[in-house]
Amino acid sequence: MCKYCSRCRDQFEIIRAGSCHEELHGKELDDSRGLSNDGRERLKKFFKNHLTGAP
Amino acid sequence: MSARKSDAANIDNPETWVDEYGDFLYRFALSRIKDPSIAEDLVQETFLAALRARENFKGRSAGRTWLIAILKHKIVDYIRKKIREPSSDNIETLSDLADSDFNDHGEWQIRPFKWAINPGKIYEQKEFLDVLYRCLAELPERLAKAFMLREMDGLSTEEVCKVLDITATNSWVMLYRARMSLRRCLESNWLSAGQ
């Protein structure tokens with residue numbers, strides 16, 4: 001394989017790594033951040049309404 | 001109960017999703033989008049899409065992985081809409097870039113650079129990941145879809161063909177074009193910005 005084709009293959013591997021593993025992404029995440037209380041309540045309400053068929 | 005079974009059980013109980021997966025999905029969205037309220041909206045859209053597609057969850061991957069894959073599609077959709085807005089920061093678009101990577105003699109027109117990234121430590125490359133998502137959003141929609149189904153969702157070629165209603169040959173061509181377009185976009189927008 002030519003030098004540049006080999007580089008291209010390595011680039012594909014890096015792109016694939018950046019795309020596929022949430023565990024890898026997970027390591028860059030800030031554990032101190034989470035849903036706001038309002039956001040959590042909104043989501044729970046959304047679920048409740050959705051699952052019970054309420055408007 | 002094994003972790004996989006427990007996770008599958010969680011997916012069977014949407015009432016638990018907010019507590020089980022909400023924070024992780026939110027952090028993931030926030031790491032790409034930066035705007036807390038939009039990140040929350042994307043988490044809600046992800047849960048809604050997951051509710052609708054729940055029967056397709058076959059337990060082949062962890063529930064969290066399945067939800068993250070859906071969220072990634074939502075993030076790319078959001079960025080795609082945003083970069084179509086006139087006020088959006090410009091990224092050098094794929095259509096601006098040379099169409100062919102090779103000249104008439106089959107030689108590289110623009111030789112690929114060596115990217116100083118260890119794929120196993122890709123999470124350290126925040127700027128790279130930001131540009132990758134923006135480049136994904138710049139791909140023609142079907143190319144992006146083919147790439148994301150294959151690489152983010154982990155579907156087999158056969159499954160990708162079924163979802164997109166294309167032949168295996170078409171899928172390979174589309175995936176090749178998507179990868180080549182992404183590498184060109186990254187070289188133009190990430191590498192040139194100073195990796």
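Lettering follows sequence order; numbering is per chain, from 1.
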Would you be so kind as to tabulate the donor-acceptor pairs closer than 3.5 Å made by side chains of residues 1-9 of chain A, with sequence neighbours excluded?
unit_1: A:R7; atom_1: NH1; unit_2: B:P112; atom_2: O; d: 3.0

Honestly, the part of B:L71 sitting under 4.5 Å from a heavy atom of chain A is neither
Applying a strict 4.5 Å limit to non-hydrogen atoms, the region of B:D41 in contact with chain A is both
Turns out that what part of B:M148 lies under 4.5 Å from chain A's heavy atoms comes down to neither
Is the backbone of B:E15 close enough, under 3.5 Å, to the side chain of B:N13 for a donor and an acceptor to pair up by distance? no
Distance to the ring centre below 6.0 angstrom and angle to the axis at most 45 degrees; does that hold for B:R179 and B:F147? no
Charged N to carboxylate O under 4.0 angstrom, B:E141 versus B:K145? no
In terms of heavy-atom pairs under 4.5 Å with chain A, the winner among B:L132, B:L136, B:L25 is B:L132
